[in-house]
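Note sheet for the following structure.
Predicted, not measured: the structure shown is a model, and the values here were computed from it.
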Amino acid sequence: QLQLTESGGGLVQPGGSLKLSCAASGFTLGSYAIGWFRQAPGKEREGVSWISSSGGITNYASSVKGRFTISRDNAKNTVYLQMNSLKVEDTAVYYCARARSFPSSVWSTSRFYDYWGQGTQVTVSS
(Lines give C-alpha, C1' and ligand atoms only; values in the text may rest on other atoms or scores of the structure.)
Protein backbone atom coordinates (compact mmCIF):
# COMPACT_ATOMS: atom_id res chain seq x y z
CA GLN A 1 0.00 0.00 0.00
CA LEU A 2 1.42 3.37 -1.03
CA GLN A 3 1.55 5.65 2.00
CA LEU A 4 3.31 8.72 3.41
CA THR A 5 3.27 9.24 7.17
CA GLU A 6 4.34 12.47 8.87
CA SER A 7 5.46 12.59 12.50
CA GLY A 8 7.31 14.85 14.91
CA GLY A 9 4.80 17.66 15.33
CA GLY A 10 3.85 19.14 18.67
CA LEU A 11 3.77 22.26 20.82
CA VAL A 12 6.87 24.44 20.97
CA GLN A 13 7.63 27.96 22.23
CA PRO A 14 8.65 30.76 19.85
CA GLY A 15 12.33 30.46 19.05
CA GLY A 16 12.29 26.73 19.62
CA SER A 17 13.04 23.86 17.26
CA LEU A 18 11.23 20.83 15.93
CA LYS A 19 12.15 18.08 13.47
CA LEU A 20 9.48 16.51 11.28
CA SER A 21 9.78 13.15 9.54
CA CYS A 22 8.05 11.82 6.44
CA ALA A 23 8.26 8.05 6.13
CA ALA A 24 7.24 6.26 2.94
CA SER A 25 5.86 2.78 2.47
CA GLY A 26 4.77 0.92 -0.64
CA PHE A 27 7.24 2.68 -2.93
CA THR A 28 10.89 3.67 -3.09
CA LEU A 29 11.11 7.22 -1.79
CA GLY A 30 14.52 7.74 -3.37
CA SER A 31 12.95 7.67 -6.84
CA TYR A 32 10.90 10.83 -6.20
CA ALA A 33 11.28 14.45 -5.30
CA ILE A 34 9.35 15.29 -2.11
CA GLY A 35 7.71 18.51 -0.95
CA TRP A 36 6.65 19.82 2.46
CA PHE A 37 3.49 21.93 2.64
CA ARG A 38 1.56 23.53 5.46
CA GLN A 39 -1.98 24.75 6.00
CA ALA A 40 -3.38 26.90 8.78
CA PRO A 41 -7.14 26.97 9.52
CA GLY A 42 -9.00 29.10 7.00
CA LYS A 43 -5.94 29.57 4.80
CA GLU A 44 -4.75 27.95 1.60
CA ARG A 45 -2.09 25.29 1.59
CA GLU A 46 1.36 26.70 0.89
CA GLY A 47 4.63 25.15 -0.18
CA VAL A 48 7.35 25.17 2.48
CA SER A 49 10.24 23.23 1.00
CA TRP A 50 11.20 20.73 -1.69
CA ILE A 51 14.04 18.29 -2.22
CA SER A 52 15.15 16.43 -5.32
CA SER A 53 15.22 12.64 -5.40
CA SER A 54 18.97 12.52 -4.78
CA GLY A 55 18.90 15.26 -2.16
CA GLY A 56 21.24 17.43 -4.18
CA ILE A 57 18.78 20.24 -4.91
CA THR A 58 16.48 22.01 -2.43
CA ASN A 59 14.02 24.89 -2.47
CA TYR A 60 12.45 26.94 0.34
CA ALA A 61 9.68 29.44 0.70
CA SER A 62 11.06 32.90 1.44
CA SER A 63 9.28 32.90 4.81
CA VAL A 64 11.29 29.92 6.09
CA LYS A 65 14.61 30.30 4.28
CA GLY A 66 17.50 30.29 6.73
CA ARG A 67 15.37 28.74 9.49
CA PHE A 68 14.23 25.41 8.00
CA THR A 69 16.36 22.67 6.48
CA ILE A 70 15.05 19.81 4.36
CA SER A 71 17.02 16.57 4.05
CA ARG A 72 16.51 12.93 3.19
CA ASP A 73 17.87 9.51 4.01
CA ASN A 74 16.87 7.33 1.09
CA ALA A 75 18.22 4.20 2.77
CA LYS A 76 15.64 4.79 5.52
CA ASN A 77 12.93 5.83 3.04
CA THR A 78 12.50 9.06 5.00
CA VAL A 79 12.52 12.83 4.37
CA TYR A 80 13.05 15.32 7.20
CA LEU A 81 12.26 18.95 7.89
CA GLN A 82 14.37 20.56 10.61
CA MET A 83 12.63 23.71 11.85
CA ASN A 84 14.59 26.23 13.91
CA SER A 85 13.78 29.69 15.26
CA LEU A 86 10.08 28.89 15.08
CA LYS A 87 7.56 31.72 14.96
CA VAL A 88 3.88 31.85 15.87
CA GLU A 89 3.05 32.21 12.19
CA ASP A 90 4.61 28.79 11.53
CA THR A 91 1.63 27.19 13.30
CA ALA A 92 -0.11 24.86 10.83
CA VAL A 93 -0.68 21.27 9.84
CA TYR A 94 2.40 20.13 7.93
CA TYR A 95 2.13 17.66 5.06
CA CYS A 96 4.66 15.84 2.94
CA ALA A 97 3.81 14.88 -0.63
CA ARG A 98 5.26 12.90 -3.52
CA ALA A 99 6.02 14.96 -6.61
CA ARG A 100 4.84 14.23 -10.10
CA SER A 101 7.14 14.98 -13.00
CA PHE A 102 7.01 18.74 -13.49
CA PRO A 103 9.26 21.71 -14.13
CA SER A 104 11.08 22.64 -10.95
CA SER A 105 9.69 26.17 -11.20
CA VAL A 106 6.28 24.90 -10.00
CA TRP A 107 7.54 22.94 -6.98
CA SER A 108 5.32 24.89 -4.56
CA THR A 109 2.07 24.20 -6.45
CA SER A 110 0.18 21.46 -4.63
CA ARG A 111 -1.68 20.12 -7.67
CA PHE A 112 1.60 18.81 -9.08
CA TYR A 113 1.88 16.21 -6.29
CA ASP A 114 0.12 12.86 -6.50
CA TYR A 115 0.25 11.38 -2.97
CA TRP A 116 -0.05 13.11 0.40
CA GLY A 117 0.40 12.16 4.02
CA GLN A 118 -2.25 12.80 6.66
CA GLY A 119 -0.39 15.71 8.22
CA THR A 120 1.17 16.50 11.59
CA GLN A 121 0.19 19.48 13.75
CA VAL A 122 2.82 22.07 14.64
CA THR A 123 1.78 24.69 17.20
CA VAL A 124 4.11 27.55 18.14
CA SER A 125 2.87 29.36 21.23
CA SER A 126 4.15 30.83 24.48
Side-chain angles (χ1 to χ4, degrees):
Q1 185 176 357
L2 197 156
Q3 189 173 8
L4 292 169
T5 303
E6 303 94 337
S7 62
L11 176 64
V12 64
Q13 294 184 352
S17 298
L18 212 57
K19 188 174 184 178
L20 306 183
S21 298
C22 173
S25 61
F27 70 99
T28 300
L29 192 67
S31 298
Y32 297 88
I34 298 293
W36 281 99
F37 292 77
R38 67 187 181 187
Q39 188 168 25
K43 298 183 179 180
E44 293 186 356
R45 183 175 295 158
E46 64 172 336
V48 176
S49 188
W50 172 92
I51 188 167
S52 64
S53 59
S54 68
I57 305 295
T58 59
N59 285 297
Y60 298 92
S62 297
S63 59
V64 307
K65 192 173 297 182
R67 300 188 297 119
F68 291 10
T69 302
I70 191 170
S71 63
R72 66 192 303 159
D73 186 341
N74 288 338
K76 291 182 168 60
N77 232 30
T78 303
V79 171
Y80 305 97
L81 185 67
Q82 177 67 51
M83 305 185 295
N84 298 324
S85 302
L86 283 162
K87 304 175 180 179
V88 172
E89 51 262 45
D90 294 319
T91 296
V93 177
Y94 283 71
Y95 302 88
C96 65
R98 191 180 81 171
R100 301 175 180 172
S101 296
F102 53 71
S104 59
S105 60
V106 299
W107 70 267
S108 61
T109 304
S110 61
R111 68 185 182 93
F112 293 109
Y113 294 77
D114 58 3
Y115 287 95
W116 296 76
Q118 82 292 332
T120 185
Q121 176 71 49
V122 172
T123 302
V124 185
S125 177
S126 60

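- Among residues two or more places apart in sequence or in another chain, the salt bridge (Lys or Arg N to Asp or Glu O under 4.0 Å) test is passed with K76 by D73.
- In this structure, OG1 on T69 lies 11.0 Å from CE on M83, to the nearest 0.5 angstrom.
- Grouping the Ile, Leu, Val, Met, Phe, Trp and Tyr side chains by contacts below 4.5 angstrom, directly or via other members, places Y32 with V48.
- Going from atom OG1 of T58 over to atom CZ of R72 covers 11.5 Å, rounded to the nearest 0.5 Å.
- Residue W36 comes nearest to C22 through the heavy atom pair CZ2-CB, 3.6 Å, listed as atom of the first residue, atom of the second, then distance.
- Side chain of N74 to main chain of S31: no donor-acceptor pair is present (N/O by atom type, distance under 3.5 Å, no hydrogens or angles).
- Nearest heavy atom pair, residue P14 against residue V88, reads CG-CG2, 4.1 Å.
- Put simply, the side chain of R98 never gets that close to the backbone of A24: no donor and acceptor are under 3.5 Å apart.
- The side chain to side chain donor-acceptor pair (under 3.5 Å) contacts involving residues 5-17 comprise E6-Q118, S17-N84, where partners must be two or more places apart or lie in separate chains.
- Closest approach of R67 to L86, counting heavy atoms only: NH1-CA, 3.9 Å.
- Note: F68 and Y94 have tilted aromatic rings, judged against thresholds of 30 and 60 degrees for the angle between ring planes.
- Residues A40 and T91 approach most closely at CB-O, 3.8 Å, considering heavy atoms.
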Take V79 and L29 through the side chain to side chain contact (heavy atoms under 4.5 Å, CB included) test and state the conclusion after the steps. CA-CA 8 Å; V79 171; L29 192 67; 3.5 Å; yes
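- Here CG of L11 is found 6.0 Å from OG1 of T123. Values are rounded to the nearest 0.5 Å.
- L20 and Y80 sit in two unconnected hydrophobic clusters of ILVMFWY residues. Membership requires side-chain heavy atoms under 4.5 Å apart, directly or through other members.
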Walk me through whether Y115 and F27 qualify under ring pair (Phe, Tyr, Trp, His ring centres under 6.0 Å). CA-CA 11 Å; Y115 287 95; F27 70 99; 7.3 Å; no
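- In this structure, the side chain of T78 does not engage the main chain of A23 through any donor-acceptor pair within 3.5 Å.
- Side-chain N or O atoms of Y60 include one that pairs as donor or acceptor with a backbone N or O of I70 at under 3.5 Å.
- Rounded to the nearest 0.5 angstrom, Q39 CD and E44 CD are separated by 8.5 Å.
- Taking the charged nitrogens against the carboxylate oxygens, D114 and R100 have no contact shorter than 4.0 Å, which rules out a salt bridge.
- In terms of hydrophobic clustering, with Ile, Leu, Val, Met, Phe, Trp and Tyr side chains grouped at heavy-atom distances under 4.5 Å, F37 and I57 are assigned to a common cluster.
- Tracing side-chain contacts under 4.5 Å through hydrophobic residues (I, L, V, M, F, W, Y), one reaches F112 starting from Y95; they form part of the same cluster.
- A distance of 9.5 Å separates SG of C96 from CH2 of W116, quoted to the nearest 0.5 Å.
- For the atom pair Y113 OH and L4 CG, the distance stands at 12.0 Å (nearest 0.5 Å).
- For the side chain to side chain donor-acceptor pair (under 3.5 Å) condition, the pairs that include at least one residue of residues 46-56, sequence neighbours left out, are R38-E46.
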